[in-house]
Every structure is written in C-alpha cells, then in structure tokens.
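Accompanying notes for the structure given below.
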There are 2 protein chains.
Amino acid sequence: MKNSKKAIIKIFKALSDETRLRIYLFLMQDKLCVCELINILNMEQSRISHNLRILKEAGLIVNQRDGKWIIYAINPEIESNKIIQTLKNELKLSKQDLEKLNKCKKENIRKKFKCN
Amino acid sequence: MKNSKKAIIKIFKALSDETRLRIYLFLMQDKLCVCELINILNMEQSRISHNLRILKEAGLIVNQRDGKWIIYAINPEIESNKIIQTLKNELKLSKQDLEKLNKCKKENIRKKFKCN
DNA sequence: TGATTATATGATAATATTTTCATATGTTAT
DNA sequence: ATAACATATGAAAATATTATCATATAATCA
C-alpha cells in the first residue's frame, strides 16, 4: 500500500474513533465475527457493522464469509506498512478488553450467542 | 509521551484533516508563523489559527512568540514517540507544497506579507 | 419450504467538527 | 498615545460523522 495523503487521512479518520480503534485492536489479537464483536463491545449490531465498514474502506481490515458468519481480520496487505507496524507495536488492548476477548473465545460465544 | 488510547485518538483526529496534516508536514520541514501558513495555504487567518490549536491540543506542535509573530514548530517532546517518528519517515509534503514553502522562505514572506 | 439466525444497508435523528464572521488581545511603529 | 499589524477566540452557520431504527439479504436449520 502506498502512503498517499488521501489513504493516510482515511486511515487516521478510521482509527480516530474509540469504537473503531478498539475493534481494530481486537482484530490485531484474533479474527472475529460480527456477533463476537457485538458480545465483546456490547453495542448494537448495526453500529458494529457500520464501523466495520469504515475500517474496511480504509483498507485496514478484510472480511470473509464462513457459513452464517462473516469473519473480520486485519488486512494482511497492510501489515507491511511501516505506520501500521508501529501502531501494532505501540498500541495495546486494555487489560479489560483483553479479558473480554479471552472470555468470548473460551466460552465459544460464536456458537452460543444470539446476536439479534 | 505515553500512548494512552485517548491521546492517540486525539492525535489521529488531529491528523485526519487534510489542512492539519498539511500544516503538520510543513512544520516538519521548518518553523513557521501564522502569516506564513496563511500565505502558503491561502486560507483565512482564523481557519489556520483554529486548526493550529487542534494540533497543539493534541500535543503535536508548540508555539512561541517572537515579537509580533507567533512561531509554530513540532513539539520536540513528541519526536521521540515511535508512531510520530514513523509518520515522519513515511509521510512527505507534496512537491507543490514543498515548492510553496521554499518560495515563502526565499521571498521572506514573514516580513513582507500583510496577513489581514 | 418456512422459520430462524447473522449481517448489511438506507434513511433519519443526534451529535460533532469545521469554517466563517466579528471582535478581542498583545506587539510594534509612528 | 494612536495606528497598524499579527494572532486568538467566541458564536453562529455550514458541513460531516455517528448512532439508531427499520428493513433487506443470505445462509442455515427444522
């Protein structure tokens, strides 16, 4: 990816919202479907979906269908970007968020949680 | 500076606006007073001032009075921040903007330009 | 097939950001 | 001291972003 000013502004805009920054940090830890994010963040489904779209349109994440679920993950193409690498090294999920993520995965929320 | 989520969001928000990103890239090249920025960016004085304030409140820049002028510069304390260092390496002023900056300095705009 | 589940999306409402205008403040020059 | 200049700032207007609600789509399950 090239660091054009427009692309960078889109990335900054995408990451300058707390919800989206949290989602991005969660996805740096693990792939997640929308219902897992709903469960972890405790937010409305459409709010999560809209924010995921903004992250996707900034090129930060990708998605892929897996049966009923749509799995979101960090865009592998952007991981070679120096700015993104540095963000990854410098920014960390909060302890509480990390605990929520672990709980979600351990309890197999994807299969059990009813998301709407 | 510590990379708290709040501080980072403020930085991203500050840099996610084209005008402010340009100002920040200009200041990475050289210290500038408001009237030089007005001349280079060809924008209203109060617009420049408001945007400078947002950059300052994000901790990205500092200012200092010099007679009639107020000189803005990159906050030296933030230069040790890895994210900022990477931005500095990865992002560059456009060729046209660089030319404008050089012209401004060569023509000694600070002393000659009437800014309002 | 029809119901249920997971997710996306368009439209609207709520909220925040940005620009502009008018004016205030502080400095220098006369 | 007064005028001129450089800059800051509050308020209003213009614009953009975000959340919510209703509904659509696509897959799975019974």
Side-chain angles (χ1 to χ4, degrees), chain A residues 6 9-24 26-27 31-58 61-73 104 108-116, chain B residues 6 9-24 27 31-58 60-73 104 108-116:
Chain A
K6 281 216 170 169
I9 285 173
K10 237 178 172 182
I11 288 174
F12 286 156
K13 208 161 267 181
L15 295 177
S16 69
D17 172 273
E18 185 177 5
T19 301
R20 288 193 297 267
L21 182 59
R22 282 175 78 203
I23 291 175
Y24 192 68
F26 277 121
L27 293 178
K31 297 177 174 206
L32 291 164
C33 70
V34 180
C35 68
E36 288 172 317
L37 285 167
I38 293 168
N39 175 267
I40 292 171
L41 292 166
N42 192 29
M43 287 175 190
E44 272 211 20
Q45 178 264 316
S46 67
R47 181 174 171 186
I48 304 273
S49 284
H50 278 134
N51 279 312
L52 283 167
R53 185 133 93 100
I54 290 169
L55 287 166
K56 190 182 170 191
E57 282 176 354
I61 63 175
V62 293
N63 62 8
Q64 187 187 356
R65 187 174 275 277
D66 170 17
K68 281 196 290 191
W69 298 285
I70 294 184
I71 313 297
Y72 281 85
C104 166
N108 204 8
I109 288 298
R110 187 180 302 176
K111 298 285 164 59
K112 292 189 317 208
F113 184 67
K114 204 180 146 308
C115 86
N116 53 10
Chain B
K6 282 216 168 166
I9 285 172
K10 234 177 173 183
I11 288 173
F12 286 156
K13 208 160 267 179
L15 296 177
S16 70
D17 173 272
E18 186 177 5
T19 300
R20 287 193 298 266
L21 183 59
R22 281 174 80 204
I23 291 176
Y24 192 68
L27 293 179
K31 298 177 173 205
L32 291 164
C33 70
V34 180
C35 69
E36 286 171 319
L37 286 166
I38 293 169
N39 176 266
I40 292 171
L41 292 165
N42 192 28
M43 288 176 190
E44 271 212 19
Q45 178 264 316
S46 66
R47 181 174 172 187
I48 305 273
S49 285
H50 280 307
N51 279 312
L52 282 167
R53 185 134 93 101
I54 290 169
L55 287 165
K56 191 183 170 190
E57 282 177 354
L60 289 165
I61 63 175
V62 293
N63 62 8
Q64 187 187 356
R65 186 175 276 277
D66 171 16
K68 282 197 289 191
W69 298 286
I70 294 184
I71 314 297
Y72 282 84
C104 166
N108 203 8
I109 288 298
R110 188 180 301 177
K111 299 285 164 60
K112 293 191 316 209
F113 185 65
K114 203 180 147 309
C115 85
N116 54 10

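All chains are named by letter (A, B, ...) in the order of the sequence lines, taking the proteins before the strands, and each is independently numbered beginning at 1.
Per the geometry, NZ belonging to K10(A) stands 15 Å off P belonging to dA16(D), to the nearest Å. Whole-Å rounding puts the I9(B) CD1 to dT17(D) P distance at 17 Å. Atom CG in L52(B) sits roughly 7 Å away from atom P in dA8(D) (whole-Å rounding). The CG atom of D66(A) sits 13 Å away from the P atom of dA6(C) (whole-angstrom rounding). Between the NZ atom of K13(B) and the C1' atom of dA16(D) there is a distance of 12 Å, given to the nearest Å. Between the NZ atom of K112(B) and the P atom of dA4(D) there is a distance of 23 Å, given to the nearest Å. The nearest whole Å value for the distance from the CG atom in N39(A) to the C1' atom in dT5(C) is 16 Å. Between the CG atom of L21(A) and the P atom of dT18(D) there is a distance of 13 Å, rounded to whole Å.
Checked by atom type and distance alone, the side chain of N39(A) never pairs as donor or acceptor with a backbone atom of C35(A) at under 3.5 Å. The backbone N or O of C33(B) lies less than 3.5 Å from a partner atom in the side chain of E36(B), making a donor-acceptor pair.
The side chain of R20(B) approaches dT18(C) more closely than any other nucleotide in the set dA8(D), dT18(C), dA6(C). Listed candidates were dA8(C), dT27(C), dA6(C). Nearest to the side chain of I70(A) is dA8(C). Closest to the side chain of K68(B), from the set dT20(C), dT20(D), dA6(D), is dA6(D). Proximity note for R65(A) (side chain, C-beta onward) versus dA26(D), dA8(C), dT9(D): the nearest is dA26(D).
In this structure, N51(A) does not reach the dT17(D) phosphate: none of its side-chain N or O atoms is under 4.0 Å from OP1 or OP2. Of the side-chain N and O atoms in R47(B), none sit less than 4.0 angstrom from OP1 or OP2 of dC21(C). Remark: Y72(B) is in phosphate contact with dA8(D), judged by side-chain N or O atoms under 4.0 Å from OP1 or OP2. Close to dT9(C), at under 4.0 Å from its OP1 or OP2, lies a side-chain N or O of R53(A). Phosphate proximity of dA6(D) to K114(B): absent, as no side-chain N or O sits under 4.0 Å from OP1 or OP2.
Of the candidates R47(A), R53(A), Q45(A), S49(A) forms a side-chain hydrogen bond (donor to acceptor under 3.5 Å, both in side chains) with just one, namely Q45(A).
Between M43(B) and I38(B) the shortest heavy-atom distance is O-CG2, 3.4 Å. Between R65(A) and I70(A), the shortest heavy-atom contact is NH2-CD1, 3.7 Å. The minimum heavy-atom distance between I9(A) and S16(B), with the atom names listed, is CG2-O, 3.4 Å.
Between the side-chain ring of H50(A) and the base of dT9(C), a stacking contact exists by the 5.5 Å and 30° definition.
Ranked by how close their nearest DNA chain D nucleotide is to the 5' end, R110(B) and D17(A) are led by R110(B).
Looking at heavy-atom distances under 4.0 Å, I54(B) makes contact with sugar-phosphate atoms alone, never a base.
Below the 3.5 angstrom threshold, one finds no donor paired with an acceptor across the side chain of Q45(B) and the base of dA6(D).
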